[in-house]
Enquirer: 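First the structure, then my questions, so here it is.
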Amino acid sequence: MRSWQRFRQSYFFYSFKRDPVALGSFSIFFFLFMVSIFAPLVAPYNTYDTSTYDIMDAELPPSWMDDGEERFLLGTDIQGRDLYSTMIYGLRTSVFIGVGAVLFQAILGIIVGLTAGYLGGRVDSTLMRIADIQFSIPYLIVAIIASAIFQLAFGVGRFEELALPLLIVIIGLSEWPKYARTVRASVLGEKNKEYVEAARVIGLNRRLIMFRHILPNTMTPVLVISTIQVAQAIMSEAALSFLGLGMPVTKPSLGSLIKAGFEYVFSGSWWITFFPGILLVTFTLVIILFGDWLRDVLNPKLYKG
Amino acid sequence: MFAFIVRRIIQAIFVMVIIAGIGFTVQNKLGDPVRDMVGERVSVAEREALRDKLGLNDPFLTQFGRFVRNAVHGDLGISYFHNKPTVDVILSKAPATLELVFGSTVMILVLCFPIGIYTAIKPKTWFSRFVMGSSTIGVAVPVFLTAITLIYIFGVELKWLPSYGRGETVDIWGWDTGLLTADGLLHLILPSISLSSIMLPLYIRLIRSEMMEVLETEYIKFAWAKGLRRYRVWLVHAFKNTLLPVVTVFGVEIGILFAFTLLTETVFQWQGMGFMFLEAVERSDTALLVAYLVVVGVMFVVINTLVDIAYGFINPMVRITGAK
């Protein structure tokens, strides 16, 4: 309760209340996030259950159009699934992969950055060289080639079963250097401060100093890049799925819905692409807007790279 | 400086060995050259004999050495589907991708400077506000959505522009170009716009913020005080100093542009390297996939090494931090 009180009186909360962009983007983000978490309760149909939909309902337009049906608010996709429900489940998959991939890359990057920054010397130069080298190749190329290799290794059927955890690993592996660099930069700023020296003097071991004393003080920049990274990861996932290297159409994410709909745009079924596309753009946009605001308010010394 | 260049080259070689190692492992574990050559119908004993003859039962390092030696000589195996050397397949697709990157680079360069400068000079006009707003949204729109929207508007509804393929191409000394025919240029418009849409917002913002910073400096105030004409101050005095950061970023961004050609090529069925790569994945054409990996790897390593060495000449700081 005390900490809630402190939070409410903080400058952070004050400026949040006063900024319409921050307030708006965060509310939309929070709403969509909740919808995706409680998807089974919100969505009218369970699109993972093949018995709930019928191929005869395929490609129905949204309900307000001429051929639309009351049952399907935003129409149906090519397999006859309710588009509205499919989108909610798709958003859930995208959110899950986005957050999972960011957690994965953050853990990897923080460990590397903390070790490199605190130990210094040869460990530092080796680890950061690896990060630099990977950073010089665009993350999308890394992710695309990695998923192509995984798809060959597992075969298409097995890859589709394992797509969710594999995508988290792939996107995580392709973007960890950003965290490593950011964390290292702030560790270098922290490690010569007095509290670290004091901890060293009273004889704490290195791991304790690194993770309990320095790490909490590097969390601000990590928090700031994390919001942008979630948006980035969701977009990477959408790109991979669009290329057919991500989530299969049976367990669609927003990207694979757009991919499935793209082939039908030419025959006039624009809604299968349009609504998931709008949802994807809205979701990433509010995260980016909120992330920008966060960066301005917390104003950490970010590693510009 | 010499030591710095040597160190950078050693690092580049090291990276190449790692990329070759990944490529070799993929080929070795996932592909089957014997199947690629003879199909499934040959008996096990004959296949074993062929494996021996091809040296596929040799120790790992011997095979890897052979892989690297062949790669250096430009031999990265035979594509299972195209039935041609993989390097030839990739080289025949490269012009399409390079022209796409070229087209969108031209588009970015032509648009970003005037718009960036205008929004910096007149930040309050409705056009500037519109540009800044749409560039915020533009960052969040994935390139394939831009591409689909463009196809739907200009290809399907208005029928103004062709929406897939490269159109008519001319062969000039083995370079299959679409830049010299009217049809080819028309086909290039939509893909270039879509591809440039990822970088354009970033560049406009970069130029705008640099320009605004420069306009606050003392020497610009001095230029105003001297009574120079407005356009001279803006375009000669201020603009020149916004160029350096833009040029430094450009080297890196070209690589990102290349990465996004994969998406653009898929949407527009543009017969380039990215399209070929995705087809190779679909057909499990391991040799072609590995060749693509190695070629792209070489490309990025060479570009990055050259850019780093160039920075080393321009900015001595890089040499010093590199030494640590």
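In what follows, every chain begins at residue 1, and chains take the letters A, B, ... in the order their sequences are listed. For the numbers below, each heavy atom of this structure counts, side chains included, while hydrogens, waters and symmetry mates do not.
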Enquirer: Considering all heavy atoms of both residues, which atom of B:Gly255 and which atom of A:Pro138 are nearest to each other, and what is their separation?
Expert: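 Of all heavy-atom pairs spanning B:Gly255 and A:Pro138, the closest is O-CG, 3.4 Å.
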
Enquirer: Is chain A contacted by the side chain of B:Val139, its backbone, both, or neither, given a heavy-atom distance below 4.5 Å?
Expert: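 Its backbone and side chain both get close to chain A.
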
Enquirer: How long is the gap from OG1 on B:Thr261 to CG on A:Leu140, to the nearest 0.5 Å?
Expert: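 Result: 9.5 Å between the selected atoms.
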
Enquirer: Return the option, out of A:Ile288, A:Ile133, A:Ile287, with the maximum number of heavy-atom pairs under 4.5 Å with chain B.
Expert: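 Of A:Ile288, A:Ile133, A:Ile287, A:Ile133 has the most heavy-atom pairs under 4.5 Å with chain B.
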
Enquirer: Which atom pair, heavy atoms only, marks the closest approach of B:Ile137 to A:Leu285?
Expert: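 Shortest heavy-atom separation between B:Ile137 and A:Leu285 comes out as CA-CD1, 3.8 Å.
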
Enquirer: Heavy-atom distances under 4.5 Å only: say whether A:Ile149 touches chain B with side chain, backbone, both or neither.
Expert: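 Both backbone and side chain.
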
Enquirer: For A:Ala231, is it the side chain, the backbone, both, or neither that has a heavy atom closer than 4.5 Å to a heavy atom of chain B?
Expert: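 When you check distances to chain B, no heavy atom of A:Ala231 falls under 4.5 Å.
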
Enquirer: Go through B:Gly297, B:Pro142, B:Ala140 and name the one with the most non-hydrogen pairs under 4.5 angstrom from chain A.
Expert: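 Most heavy-atom pairs within the cutoff with chain A belong to B:Ala140.
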
Enquirer: What part of A:Leu245 gets closer than 4.5 Å to chain B, counting heavy atoms only: side chain, backbone, both or neither?
Expert: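 Only the side chain of A:Leu245 comes within 4.5 Å of chain B.
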
Enquirer: By a 4.5 Å heavy-atom criterion (distance strictly below it), what part of B:Leu289 contacts chain A: side chain, backbone, both, or neither?
Expert: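 It is the side chain, since no backbone atom gets that close.
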
Enquirer: As an exercise: rank A:Ala239, A:Gly244, A:Ala148 by heavy-atom pairs under 4.5 Å with chain B and give me the winner.
Expert: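 Highest number of pairs under 4.5 Å: A:Ala239.
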
Enquirer: Would you indicate whether A:Phe96, at its atom CZ, is surrounded by more than 12 heavy atoms from other residues, nucleotides or ligands within a distance under 6.0 Å?
Expert: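 12 or below, so no.
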
Enquirer: Is the ring pair B:Phe260/A:Tyr139 parallel, tilted or perpendicular, if the boundaries are 30 and 60 degrees?
Expert: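 B:Phe260 and A:Tyr139: perpendicular rings.
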
Enquirer: With chain B as the partner, which of A:Ile130, A:Leu289, A:Ile137, A:Ile258 has the greatest number of non-hydrogen pairs under 4.5 Å?
Expert: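 Highest number of pairs under 4.5 Å: A:Ile258.
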
Enquirer: Any idea which of B:Val290, B:Ile22, B:Thr266, B:Val267 has the most non-hydrogen atom pairs under 4.5 angstrom with chain A?
Expert: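 When all of B:Val290, B:Ile22, B:Thr266, B:Val267 are compared, B:Val267 has the most.
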
Enquirer: Is it the backbone or the side chain of A:Leu243 that comes under 4.5 Å from a heavy atom of chain B, or both, or neither?
Expert: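 Both parts, backbone and side chain.
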
Enquirer: Which distance, rounded to the nearest 0.5 Å, do you find between the CZ of A:Phe242 and the CG of B:Leu145?
Expert: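 Output value for this atom pair is 8.0 Å.
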
Enquirer: Under 4.5 Å from any heavy atom of chain A, what part of B:Ile18 do you find: side chain, backbone, both or neither?
Expert: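 Contact with chain A involves no heavy atom of B:Ile18 at all.
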
Enquirer: Is atom CZ of A:Phe33 surrounded by more than 12 heavy atoms (other residues, nucleotides or ligands) closer than 6.0 Å?
Expert: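 At most 12 heavy atoms, drawn from other residues, nucleotides or ligands, come within 6.0 Å of this atom.
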
Enquirer: Looking only at heavy atoms, what is the nearest atom pair of B:Val281 and A:Gln151, with distance?
Expert: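 For B:Val281 and A:Gln151, the tightest heavy-atom pair comes out as CG1-OE1, 3.4 Å.
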
Enquirer: Please name all residues satisfying side chain to side chain contact (heavy atoms under 4.5 Å, CB included) with B:Leu98, sequence neighbours left out, ordered by chain then number.
Expert: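 B:Leu98 satisfies side chain to side chain contact (heavy atoms under 4.5 Å, CB included) with B:Trp175 only.
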
Enquirer: What part of B:Leu263 gets closer than 4.5 Å to chain A, counting heavy atoms only: side chain, backbone, both or neither?
Expert: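 Both the backbone and the side chain of B:Leu263 come within 4.5 Å of chain A.
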
Enquirer: Does any backbone or side-chain atom of B:Glu282 lie under 4.5 Å from a heavy atom of chain A? Answer side chain, backbone, both or neither.
Expert: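 B:Glu282 has no heavy atom closer than 4.5 Å to chain A.
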
Enquirer: Do any of residues 270-280 of chain B have a heavy atom less than 4.5 Å from a heavy atom of chain A, and if so, which, in residue order?
Expert: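 The stretch touches chain A at B:Phe277, B:Leu278.
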
Enquirer: At a heavy-atom separation under 4.5 Å, does B:Val141 approach chain A through its side chain, its backbone, both, or neither?
Expert: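 Contact with chain A involves both backbone and side-chain atoms of B:Val141.
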
